[in-house]
Each structure stands twice: as C-alpha cells, then as structure tokens.
A.B. asks: 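Take this structure first; my questions come after.
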Amino acid sequence: MSSGEVMTYGEIHRISTSSPDTSPPGTSTQDDTDGCAVCGDRVNGKRYGAPACLGCIVFFRRAVTNEVTYKCLKGGTCVITNESRCICRYCRLQKCYTVGMKASAIQRRDVMGPRKPKIKESIVKTEIIEEVPKLIMSSNPSSTGSMSEGPPKHKRPLLEDLVEVQRWQCSKHHSFFEAHEAINLDGDLSSMTYLKLNGTLHRRARARDVNSMLKLGLIDAATWGNQFDLFRRLSTEEKKHILTEFGFTFMLVDQGYKTAQKAEKGFWLLQNDTYMHEDYFLGLPEEDARKENAATKAKLHPLFVNESLNCVGYPFKNLQIDEHECAVLKTILLLTQQGVFKHCVNEVKHLYDCCMTELMGHSQRKYPDTAAERFGTIILLTSSIRCAINALYNQTRVSDVFDLMKFDPLVRDVLLS
C-alpha cells in the first residue's frame, strides 16, 4: 500500500487542535514568534532553513532521508494547520519546501544516526508523546491544577472542557474508521454477514478491529492525559507506565458508552460499531471457524465479553451514563491510578476535588431529587471498570503469549512490554 493512498492511524491519531486562544497557524515568515512555518505549532528550531516545530522537523527529515513518495487524495489542495498536519503527508511535505525547508540542510549524521546508537527508544515518544495535542487546558487554571503566568483567558469549568475534548476525539474517529475499511487484513469485508441491532446493521469484530481499537484507545488516552500539565511534565517512560493501564481504561469507557447507547443485550460494541458476543462463532466466517486456534479463542472470548458487559456495559445502560459522567470517570481513573503522580500530590488533589465538585453540580442539575445517590453511584463505577480492565489486560496478554493475535507495534510497545 502506498503511504499516501489511504490514511493510516499514524496520520489520524496525531491530528492536533488548538484552543480558541491559541495563535493562528504559522505562515512562511521567519519570525519564531509566529510559530511553526508549516503548521503553526511551537517552534523547536530552524535547522533545515525555516522555523518549525519538532513534529514537522522530524517529518521532513524522515521524508527526505527515506526518499518517500506521497500522494494526495485531494489533488494537492489540503490546508496544513496544527489541526490537520497529519492528514495529508504529501501536502505537508510540499508546504515544508514552500516555507523554505531545504533537503540539502540535512546533515550526514541525520541520515546515519549517532556513532554509538542508543537502545531504540520506545516508539511511544514519537507516536503519542511528542505530537499528542494539548487542546484546551493551558489558559484554564481550574483545569491544569498548576500555576500559570499571566491572567487567565477564560474560566470555563473543567468538565465542560473535557467534554469538548471527548467530542473532538469522536469527530476524528469516523475518518479513521473509513480509512481502515479499505485496509483489509482479515479477508473481504463484503463477504461479512451483518446483524441488525436496535435497527442498525453491525458486522462482527475481527482481529484487525480489536487491534485498531486498542491503538485508538491508547492514543485517545494519551491525548486525554496531555490536557493536564502534571501528565505533560512526566518522562516518556513515566507516561508509558501510566498508559499501560489508562489505555485500556479509556477504550473500555468509550466502548461501554457506545454499547449502552446502541447494543442489544449480550452484545458488546467497539468504537467502530463492530460487535462482540459471548458466542465466539456468532457471525464468524466459516474459514475462521475452522482455524486451528479457534477452539482456544472460543474459550477466552466470552470471558472478556461477559466481564465487560457486567462491569461496564450494563451499569452504563441502566444508569444512562451521559458524556459528562464519562469524562469524569476517565479523569478520576487517570488521577487515582496507583503508583503515579507521587511528585505532585497537591495538583492531583486539586484536579480530583474539581472533578468531584463539578460532578456533584452536574448531578444536582440533572437529577435534583437524587443527586447525592447519583454522585455516589458514578464514583463506585470506577471499581467496576477496574475489574473489566484486569480482564481485558489478561486476555490481551494471553493472546500475545500464545500467538493468538498479531498486535500493532505501538500496542505491543505500550500495553504488552
């Protein structure tokens, strides 16, 4: 597959956005204060002839040194901004040249690497640490949990900001799903059978769907964490340690919410609307059912499905969990993860208290007669979700150990290393 013919997750998950208060995307000016000349992000240097952010510097160097040929699906007319820089690599590279970046400026050492190569650093650093966006929090002191210089530019509640991040992430999912429908790793999708659940057609989730959704959950979890200064200040390894659990957390909450909204009893929905059922063979193509490892998968499959439904899906449905409560659950599960954020206890407490206060306010507005009961029930859901996380982690680990599924390198590096 040519790298420009369809968007890969490497392009989709690094799409970033800016808060209403950030500067507009940079132009070809050489003034560092205007931001990256390619996308408008924060300037890292001018090493290749134009002020550019680290993401665009790395992108340009790799494109030149690897002699990659990209294609544009829109005839070379894509607008490259901090929001869209990773959607079209062809137009991004063309803009690199347009603003003055020069291939001749790439030194021999950039091509060959250091004389004594270091142990290859986790791909987490480039895939989900360096280019994961900080969308909203920098100007909201109630959201960051840290002191920032200058007067605040806006004072929106933390919960409202987080719901906006959540909606933004969902809006980016559709493009990813459409792109991956064209990447067929498990056979012809047109031959798949579909089931109608609550009036909507759904196909059975395949190995590639599970793999992609693990990656999607991981990237979305990194974006979520990156909204908070206390997460951004961590080292790459510390972030990776957090994401080992929080990646599963994020995926389960998103899938549980979708399942509660759309699925019938006994069905668990992934982010891309494919389904899983405790009966492993339901909707499974005949050729897959005849595979040697089908019996083993059939034993493991219902363990995850039933645990996810009982711990997340059914409680979400019975309580009619809304998007504000999902945002609170994600944040609480991040802040209360054991063994992390030891260096910033006060910031964690500030954010946690802020979440509790705003959740109570939300409960009082929506459920005035039972606000306290609703509040307590939502908080108790965190324990139930953690039970499902353990089941998902164990199944993922077993699938890896017994070679029941091939995992994406990023998923393996973060969740299984």
Side-chain angles (χ1 to χ4, degrees), residues 159 162 166 169 210 213-225 227-228 230-231 234 238-260 263 268-271 276 278 300-342 345 348-349 351-356 359 363 373-400 411 414-417:
L159 188 52
L162 291 174
Q166 200 166 239
Q169 289 178 324
V210 175
M213 296 309 106
L214 282 169
K215 190 170 185 179
L216 180 61
L218 181 59
I219 301 307
D220 281 349
T223 302
W224 196 267
Q227 307 314 307
F228 306 102
L230 54 83
F231 181 87
L234 297 175
E238 288 172 325
K239 291 176 181 178
K240 177 181 173 181
H241 173 70
I242 291 173
L243 293 172
T244 300
E245 177 179 319
F246 192 54
F248 286 125
T249 300
F250 211 94
M251 186 185 77
L252 281 171
V253 173
D254 277 351
Q255 291 180 358
Y257 181 73
K258 182 176 283 288
T259 296
W268 177 260
L269 292 184
L270 276 58
Q271 297 99 307
M276 299 176 73
E278 65 175 347
L300 295 172
H301 187 81
L303 299 178
F304 163 70
V305 174
N306 288 329
E307 191 77 6
S308 298
L309 285 170
N310 291 328
C311 293
V312 186
Y314 293 149
F316 274 34
K317 188 176 184 65
N318 294 336
L319 291 168
Q320 297 183 329
I321 295 295
D322 62 30
E323 58 180 355
H324 289 76
E325 291 162 336
C326 278
V328 169
L329 286 169
K330 291 171 181 176
T331 306
I332 292 174
L333 287 162
L334 171 64
L335 296 175
T336 58
Q337 193 169 316
Q338 291 186 352
V340 301
F341 302 130
K342 295 179 180 179
V345 177
V348 171
K349 184 178 184 304
L351 281 169
Y352 185 85
D353 290 346
C354 188
C355 281
M356 296 297 99
L359 175 60
S363 299
E373 180 182 352
R374 178 77 180 188
F375 173 87
T377 303
I378 299 302
I379 300 304
L380 288 175
L381 276 177
T382 58
S383 297
S384 181
I385 293 170
R386 283 202 165 97
C387 290
I389 292 170
N390 290 333
L392 174 57
Y393 177 80
N394 290 336
Q395 170 146 345
T396 305
R397 176 66 74 177
V398 168
S399 296
D400 181 52
V411 172
V414 179
L415 302 180
L416 298 171
S417 61

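Only heavy atoms go into these numbers, but all of them, side chains included; no hydrogens, no water, no symmetry mates.
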A.B. asks: State, with a plain yes or no, whether a side-chain heavy atom of Trp268 is found less than 4.5 Å away from one of Leu252.
C.D. replies: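 Yes - at least one pair of side-chain heavy atoms lies under 4.5 Å apart.
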
A.B. asks: Would you check if Val253 and Val312 make a side-chain contact, meaning some heavy-atom pair closer than 4.5 Å?
C.D. replies: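 The answer is no; the side chains never approach within 4.5 Å.
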
A.B. asks: Going through the distances and angles, do Asn306 and Glu278 end up as a side-chain hydrogen bond (donor to acceptor under 3.5 Å, both in side chains)?
C.D. replies: CA-CA 7 Å; Asn306 288 329; Glu278 65 175 347; 3.3 Å; yes

A.B. asks: I'd like to know if the side chain of Glu307 reaches the main chain of Phe304, judged simply by a donor and an acceptor atom lying under 3.5 Å from each other, with no hydrogens or angles considered.
C.D. replies: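 Not a single qualifying donor-acceptor pair exists.
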
A.B. asks: Would you say Phe375 and Val328 make side-chain contact, with heavy atoms under 4.5 Å?
C.D. replies: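 No - every pair of side-chain heavy atoms lies 4.5 Å or more apart.
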
A.B. asks: Do Leu359 and Ile378 come close enough that some side-chain heavy atom pair is under 4.5 Å?
C.D. replies: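 Contact flag for Leu359/Ile378 side chains = yes.
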
A.B. asks: Salt bridge between Asp353 and Lys349, side-chain N to carboxylate O under 4.0 Å?
C.D. replies: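 So Asp353 pairs with Lys349 through a salt bridge.
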
A.B. asks: Taking atom CD1 of Ile219 and atom CE of Met251, what is their separation to the nearest 0.5 Å?
C.D. replies: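 Rounded to the nearest 0.5 Å, the CD1-CE separation comes out at 13.5 Å.
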
A.B. asks: Could you measure the distance from the CE atom of Met276 to the CD atom of Gln255? Nearest 0.5 Å is fine.
C.D. replies: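 These two atoms lie 8.0 Å from each other.
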
A.B. asks: Any chance you could measure Ser384, atom OG, to Asn310, atom CG, to the nearest 0.5 Å?
C.D. replies: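 Going from OG on Ser384 over to CG on Asn310, the span is 8.5 Å.
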
A.B. asks: Closest heavy-atom contact between Glu325 and Asp322?
C.D. replies: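 So the minimum-distance heavy-atom pair works out to N-OD1, 2.8 Å.
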
A.B. asks: Kindly indicate whether the side chain of Leu319, heavy atoms from C-beta on, has any atom under 4.5 Å from the side chain of Leu381.
C.D. replies: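 Yes, side chains in contact.
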
A.B. asks: Drop me the distance from Phe248's CZ to Leu333's CG, to the nearest 0.5 angstrom.
C.D. replies: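 So the gap between those two atoms works out to 14.5 Å.
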
A.B. asks: What's the spacing between Leu334 CG and Phe341 CZ if we round to 0.5 Å?
C.D. replies: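 Result: 4.5 Å between the selected atoms.
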
A.B. asks: Kindly give the heavy-atom pair with the smallest separation between Ile242 and Gln337, and that separation in Å.
C.D. replies: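 Heavy atoms only, the tightest pair is O-NE2, 3.0 Å.
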
A.B. asks: Which heavy-atom pair separates Asp220 from Phe250 by the least distance, and what is that distance?
C.D. replies: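 Reported closest heavy-atom pair: CB-CE2, 3.5 Å.
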
A.B. asks: Under a 3.5 Å distance rule, please check whether Gln227 uses its side chain to pair with a backbone N or O of Leu162 as donor and acceptor.
C.D. replies: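 Judged by distance alone, no pair lies under 3.5 Å.
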
A.B. asks: Write down the atom of Thr331, the atom of Cys355, and the distance for their closest heavy-atom approach.
C.D. replies: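 So the minimum-distance heavy-atom pair works out to CG2-SG, 3.5 Å.
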
A.B. asks: Looking at Glu373, I'd like to know if its CD atom is crowded, meaning that more than 12 non-hydrogen atoms belonging to other residues, nucleotides or ligands lie closer than 6.0 Å.
C.D. replies: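 Result for CD/Glu373: open.
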
A.B. asks: So which heavy atom on Cys387 is nearest to which on Cys311, and how close?
C.D. replies: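 Nearest pair, atom of Cys387 first, then Cys311: CB-SG, 3.9 Å.
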
A.B. asks: Of all heavy-atom pairs between Trp224 and Ala327, which one has the smallest distance, and what is that distance?
C.D. replies: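 Of all heavy-atom pairs spanning Trp224 and Ala327, the closest is CZ2-O, 3.6 Å.
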
A.B. asks: So Phe316 and Leu329, side-chain contact (heavy atoms from CB on, under 4.5 Å) or not? Walk me through it.
C.D. replies: CA-CA 11 Å; Phe316 274 34; Leu329 286 169; 3.8 Å; yes

A.B. asks: Using a 3.5 Å distance criterion without hydrogens, assess whether the side chain of Gln166 forms a donor-acceptor pair with backbone atoms of Glu323.
C.D. replies: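 It does hold such a pair.
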
A.B. asks: Measure the CG-CE distance between Leu351 and Met356 for me, rounded to the nearest 0.5 Å.
C.D. replies: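 Between Leu351 CG and Met356 CE, I get 11.0 Å after rounding to 0.5 Å.
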
A.B. asks: With a 4.5 Å heavy-atom cut-off, do Tyr352 and Thr336 have their side chains touching?
C.D. replies: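 In contact.
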
